[in-house]
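As structure tokens, the structure follows; a few thoughts come after it.
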Amino acid sequence: DTFALVTINQQALFFNQINEGAQKAADAAGAKLVIFNANNVPSAQNDAMENYITQKVDGIILVAIDVNGVKPAITAAKTAGIPVIAIDAQIPEGDNVAFVGVDNTKAGEDIGKFYADYVKANMAGTAKIGVIGALNSFIQNQRLDGFKKAVADSGQKITFLDTVDGQNVQDVALTAAENLMTANPDMTTLYATGEPALVGAVSAVTSQGRTGDVKVFGWDLTKQAVEGIDAGWVTAVVQQDPAGEGKAAVEALVKLKKGEKIEPIINVPVTIVTKENVDQFRGMFK
Amino acid sequence: MNDIGNETYRVRMTGISKRYNTIQTLDNVSLSLRPGEVLGLVGDNGAGKSTLSKVLSGAVIPDAGTIEIDGKVVSFSSPADARSEHVEMVYQDLSLCDTVDVAGNIFLGREPRRRILGVPFLDKKRMHDEARAMLDRLGIVIADTGLKVENLSGGQRQSIAIGRAASFEPSVLIMDEPTAALAVAEVEAVLDLIRAVSARGVSVILITHRLQDLFLVCDRIQVMYEGRNVAERRIEDTSIEDVVNLIVGRKFQARSARRSEDNGVRP
Amino acid sequence: MNDIGNETYRVRMTGISKRYNTIQTLDNVSLSLRPGEVLGLVGDNGAGKSTLSKVLSGAVIPDAGTIEIDGKVVSFSSPADARSEHVEMVYQDLSLCDTVDVAGNIFLGREPRRRILGVPFLDKKRMHDEARAMLDRLGIVIADTGLKVENLSGGQRQSIAIGRAASFEPSVLIMDEPTAALAVAEVEAVLDLIRAVSARGVSVILITHRLQDLFLVCDRIQVMYEGRNVAERRIEDTSIEDVVNLIVGRKFQARSARRSEDNGVRP
Amino acid sequence: MANGSVVSIAIFFLVVCLLFSGITDAFLTAPNLLNIVRQSAPLLIVAAAMTFVITTGGIDLSVGSVLALVATLSAVTLQAGLPWPLVIIAMLLLGAAVGAIQGFFIAYERIPAFIVTLAGLSVIRGIALLITGGYSIPVEATSPFTVIGRAWFLGVPVPALIALVVLVVAYLVFNETRFGRYVTGIGANAEAVRRAGVDTRLTTMMVYILSSTAAAAAGIILAARLGSGSSNAGQGFELEVIAAVVLGGTSLFGGRGTLVGTVLGALTVAVIGNGLILAHMSPFFTPIVTGTIILVAIWLNFRLFRGAIRSR
Amino acid sequence: MANGSVVSIAIFFLVVCLLFSGITDAFLTAPNLLNIVRQSAPLLIVAAAMTFVITTGGIDLSVGSVLALVATLSAVTLQAGLPWPLVIIAMLLLGAAVGAIQGFFIAYERIPAFIVTLAGLSVIRGIALLITGGYSIPVEATSPFTVIGRAWFLGVPVPALIALVVLVVAYLVFNETRFGRYVTGIGANAEAVRRAGVDTRLTTMMVYILSSTAAAAAGIILAARLGSGSSNAGQGFELEVIAAVVLGGTSLFGGRGTLVGTVLGALTVAVIGNGLILAHMSPFFTPIVTGTIILVAIWLNFRLFRGAIRSR
Ligand SMILES: Nc1ncnc2c1ncn2[C@@H]1O[C@H](COP(=O)(O)OP(=O)(O)OP(=O)(O)O)[C@@H](O)[C@H]1O
Ligand SMILES: Nc1ncnc2c1ncn2[C@@H]1O[C@H](COP(=O)(O)OP(=O)(O)OP(=O)(O)O)[C@@H](O)[C@H]1O
Ligand SMILES: [Mg+2]
Ligand SMILES: [Mg+2]
């Protein structure tokens, strides 16, 4: 059997861990896995899927960039009898057989709620927060929306200062984060919606010497983030289980191939990593 | 050629000035030209001859001064304006498009067209045929009118520029050193051409450093010096020695512009 | 000037051929030059004069043929090789860098330097001073050696190219139509220059369409026609009429190249 | 150079095709070949227009952004209930207007094209981002609009047909009309063309109108094919387009352009992308292999055709 | 044009600075200004080298990829225990080698620089990806290596000092040496320089060695500053660098270059980015406003200085 995995890019650890999880599961099942990297170009994903359809692969796993734009390709695959499983980004009313992953809006709400509770408990219920986002990323926008909703619902006195665009690139995020801090000397907390943004945020807090008075919240652990958690100024990081997602997707395809039924939504839970539970993730960054 | 006393001018330029940064290239210069007249415009290098003629062809916009064509005041803001008044010029730097072929350069801006389904396509066959005829008339040897001009020899390039300007029924033809790169037979052809067009009533301005040519085709000579008019002579009233002295600005012995036998050339 | 019978040649080119696509630009051409000799190289437009001289200056690599300099066979794969044999050339298309200033163009490839802390910096003051002196020697009026050459007049540009080639003690100096754009006094200066350098033993190849100039400075004339040698004459054995006929390839009446008084020019 | 280059890229294209036919079974099948032309329709259309721009010695970096803006606006206006023919006309006009504005600054105000269109790239994608808020906007799959991107006609995908028509028209305009002549002339010596009495500024502005309109057409096709408008569409598209044009033999310095070369250049890029996927190349190696193939092949061709191209 | 442009960009720079000083309190403070120079050190260093490349009439699209490769390899080699001075030397040599390879194809094999460096862009970032496997590789915060990116010396950040030294050297080389002369000459008329007996091919190759080495230096600084090497570093960096150079008044057609202009161009880009964040501009408007400011300001300056630049 040959399965194809169409991913977004390979410059974030997240996607590579999906690839690894999927590869392990495919090896275990004795299947061949081919991976295509769209390099952030939405239409390249359609191109690749169409190519795989003409080649008649046995199943496609898709990490979509443009969740609406991939629908025609998914439909074409379905027509050709090739099952498609979406990972990470759900396809609205899509023809994919299943979705594996995290509900980003929901997880955004979770970390938002965690944040609001933290502000209530440790900052007397008032905080000013700056955001480092990636405007061109659909799921990161969802993470921000969920976060904002939960914060608003919490009723704490939290002011949203500026949102800056890190463009999902570390050095851009770093420069933007530094300028964000200069612009808002009274900022007390930071929220980074993805891995490059978090790396940029962590470096910026260090370089501006603000480790004493800014608390960082964000997504996707890295070594620097772990060190920040140890030092106490990185408070909480949402850690997904991308390898688990990749593995689950391949296993679902294998099951389908054998004629078994699968769930339409396969949830892979996230963990909010804090000082308490950071030790179990330390091993990833050696 | 018309009577010189006649007051109908084809071209009258008065008070033309042009300054480039620190250099006053043209300083209150005048020029007039009658129908069918051939005017020789001479002067030292950098005297402003090219700049003055570019003003008349619309390629340079002067800081001050007026131009009249056939008694009507005109104001040229681009070469297209001058072309529509039938002023054509052979530029000293030739102004050819290196990557366009010979025929294309000759017809640049005036390509013949034919309509196919109402769409005006280039009539390439006609362009090449007419270009070939034109080159033959000027006695120019170019193997193929489809060659790109970038690889032609200096004289071949100059011939193309001349062919272009002369072929479209100008009423004023300005030639800025047209024969500089030409061999002896081609020079003769250009001088013949000037005589022929002026006989048809075309007014010609000839800029050249080959002073002996002036005496073969010109009716009148105008001398410039450092951006100013310094002298004007009817051809009958002057000689090479006189013109040399006017150009240099002092008494000057130019062996290269003297009568040949003084140079030890056997007749 | 050396004895013509003498067998020591400064330059001997034999069997030079060069083909461009369909055109055989040079076809088994030879050329020889003695120390201190001035050779006039003439021919119709497109005859191959420029191409032949570019072969000697290293700018064109021939398909066949050998070059000897002072009896030694050389093979030039770039102009740098020819320059190191002291062959200098004034190119017909001048080859100036438009955005570099006058002094910079004159010294291109040979900028004087001075060491500051061991680092060789350009000696700009010396460049400008020497450039100024060189221009004055050639009688060229250029306001400022710091001007970019793109805005200079045709004659000024040509003067710079000449100044560059002549100033670095060449042993062979090739001038491809050096006087085409020059005014009368500047032409005299260039002819004087040729006489002066040849008296110092420099061999000169002069390509020109101003045939009267040949008789003022040349020792010998070589005529090319459609890429081939067709004739060679010692200057004493020929006349303008003869040369014209050789260039054109048949009996030809060139009024522009005839003795001046025949043209009605008053002495 | 143009002619030598066309031969060179043609041979290169054939070699690449043969290579992939050998390695993978699926490559040389009708569905796959039709896939390739359908996928590369936007690239072909914009590259044809970009050939004009680059031949004048200019550049247009904003085409990817225009594509994104048009894709999102098509989706938005369709969602708002505008009839689809109106949407198409409005979007093409929008493209022309964007091109006219950029062309005005370049041709009449003489600001370097690189700066103007780089500013355009930033502003136009910014507007697309602002409109969508970073989300992607769906187009109803039932809308006749999607025909443009998905339907087949006479056994050929509609986008490929559109590209074919655009290419034929572009070829004729480039080689057989005054406008095309002046485009080449401006790239070779703009002052000479001006002195010949041609309105060079208008001609220059026109090429930017062409490229932006072509980008708009590409945006429409993309939105129709994907059934969605996303402000992410066409990221890096400008480099891909310019690469196709330059690979085809058009000189970035202007004056030498070839539309046949551009088509071959664009198809070569598309075929390499397609072939490497079919050959199951690891994604880690794909960029390395793509770059190396292009470089080595161009290099070999330059070596083989050096004599033909320009000998000293 | 170069001179008129330098005045133009200088005025523009001052206006932008005054504007942001007026709108925001934080802009005109020492820490913020030092932040700006520190942030823009990689841009300044690479833009200085790119000025040479563009002045020869070339282009180097691979600088962002070289930066990423060096950043990741620095992190990898440091992790492997190599001493930091060795790492720095090895990385600079690697940059020079990459430049020499690209320069060889451009100068000696005469393949258009755009194609060579675009292939380089793809291959080199591909290698960086392959090495990291997409992971971002940390640099120990305690390593003396990080000094290069983070330390201060005499009250000035070290990256800014490095940039200053590079700029002064580049200025002298560009304006006061034979090499700089030939760089300008090659852009104006390469054949004329060749005929003057200069080895134009070597000179051309050298400018690509310069630009790749500068990109390597920028990669080292970035890795030291971020404390991590990531293969997605420097995405789109090439366009930013070229924009700074062109904004400064260097012509993409070659022959006209100015290092002072480049510095002003780079700082202008950096100041606009910084100032808009300080002015609390919504990120959705940032690209729109950035592009508009640049275009309008350049336009005003072209209008005001048109006479000085070139009159017909
Ligand atoms: N665009 C320009 N910018 C600056 N200076 C210029 C420009 N055009 C011409 N000049 C200057 O004006 C003067 C006159 O130039 P012009 O070309 O008119 O001389 P000319 O009489 O034609 O000389 P030649 O006989 O050498 O061709 C020269 O000193 C030249 O440097
Ligand atoms: N690089 C080239 N490619 C193609 N053809 C060329 C090239 N260089 C020269 N030729 C051709 O070779 C022939 C000779 O050219 P060359 O420049 O040597 O003539 P010339 O004798 O110097 O003429 P002129 O007196 O007009 O300067 C011409 O027909 C020209 O078209
Ligand atoms: Mg002149
Ligand atoms: Mg010649």
Side-chain angles (χ1 to χ4, degrees), chain A residues 7 9-20 37 39-40 130-135 161-185 195-196 198-200 202-204 206-209 220 222-227 231 284-286, chain E residues 24-27 29 31-32 35-36 38-40 42-43 64 67-68 71 122 125-126 128-130 132-141 146 149-150 157 218 222-223 225-237 240 270 273-284 286-287:
Chain A
T7 185
N9 67 45
Q10 293 181 307
Q11 287 146 9
L13 179 55
F14 182 84
F15 300 120
N16 290 290
Q17 288 176 337
I18 292 182
N19 297 354
E20 282 168 19
N37 167 13
N39 256 322
N40 302 318
V131 179
I132 304 157
L135 298 186
L161 304 166
D162 302 311
T163 300
V164 293
D165 189 0
Q167 297 171 13
N168 241 350
V169 176
Q170 287 184 358
D171 36 325
V172 176
L174 167 58
T175 300
E178 285 180 350
N179 292 339
L180 176 68
M181 276 184 263
T182 313
N184 302 286
E195 180 195 312
L198 186 60
V199 172
V202 167
S203 300
T206 324
S207 83
Q208 302 294 299
D220 301 339
T222 54
K223 183 154 193 274
Q224 291 103 316
V226 172
E227 285 167 3
M284 285 168 66
F285 305 103
K286 271 291 151 261
Chain E
T24 76
D25 299 333
F27 181 78
T29 59
N32 187 52
N35 249 346
I36 293 178
R38 187 174 53 176
Q39 289 165 359
S40 49
L43 178 63
L67 182 149
S122 173
R125 193 176 289 281
L129 258 175
L130 189 62
T132 60
Y135 287 81
S136 99
I137 297 165
V139 175
E140 281 302 325
T146 60
R150 301 187 186 164
L222 203 73
R225 197 174 134 222
L226 269 170
S228 117
S230 153
S231 60
N232 85 345
Q235 291 239 52
F237 186 60
E240 210 179 319
N274 171 276
L276 287 181
I277 291 179
L278 297 195
H280 305 304
M281 174 69 65
S282 147
F284 283 109
T286 305

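Excluded from the calculations below are hydrogen atoms, water molecules and symmetry mates; all remaining heavy atoms, backbone and side chain alike, are included.
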What distance separates [X] [atom1] from [Y] [atom2], expressed to the nearest 0.5 Å?
X        : Y        : atom1 : atom2 : value
A:Leu135 : E:Ser282 : CG    : OG    : 8.0 Å
E:Arg225 : A:Thr206 : CZ    : OG1   : 11.5 Å
A:Glu227 : E:Glu140 : CD    : CD    : 6.5 Å

Where on [X] is there a heavy atom nearer than 4.5 Å to chain A: the side chain, the backbone, both, or neither?
X        : answer
E:Glu240 : neither
E:Thr24  : neither
E:Leu222 : side chain

If I measure from the heavy atoms of chain E, does [X] come under 4.5 Å with its side chain, its backbone, both, or neither?
X        : value
A:Asn19  : neither
A:Ala176 : both
A:Gln17  : side chain

Report the option among A:Val199, A:Asp165, A:Val164 that has the most heavy-atom pairs separated by less than 4.5 Å from atoms of chain E.
-> A:Val164
Take A:Val172 and E:Gln235, measure what side chain to side chain contact (heavy atoms under 4.5 Å, CB included) needs, and give me the verdict at the end.
-> CA-CA 9 Å; A:Val172 176; E:Gln235 291 239 52; over 6 Å; no
Taking only residues two or more places apart in sequence, or in another chain, which ones meet E:Gln39 in a side chain to side chain donor-acceptor pair (under 3.5 Å)?
->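 Partners of E:Gln39 under the side chain to side chain donor-acceptor pair (under 3.5 Å) test: A:Glu178, A:Asn179.
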Which heavy atom in E:Leu226 sits nearest to a heavy atom in A:Gln224, and how many Å separate them?
-> O-NE2, 3.6 Å
Please report the closest heavy-atom contact between E:Arg38 and A:Ser207, naming both atoms and the distance.
-> NH2-OG, 3.6 Å
Any side-chain heavy atom of E:Met281 within less than 4.5 Å of one from A:Asp162?
->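 Contact flag for E:Met281/A:Asp162 side chains = no.
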Flag the one option from E:Gly227, E:Ala26, E:Ser228 with the top tally of heavy-atom pairs under 4.5 Å to chain A.
->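 Most heavy-atom pairs under 4.5 Å with chain A: E:Ser228.
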Top contributor to chain A contacts, counting heavy-atom pairs under 4.5 Å, from E:Pro157, E:Pro31, E:Pro42, E:Gly234 =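 Answer, by heavy-atom pair count under 4.5 Å with chain A: E:Gly234.
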Report the residues that fulfil salt bridge (charged side-chain N to carboxylate O under 4.0 Å, His left out) with A:Glu20, sequence neighbours left out, ordered by chain and then residue number.
-> none
Out of E:Ile36, E:Asn32, E:Ile277, which one pairs with A:Thr182 under the side-chain contact (heavy atoms from CB on, under 4.5 Å) rule?
-> E:Asn32
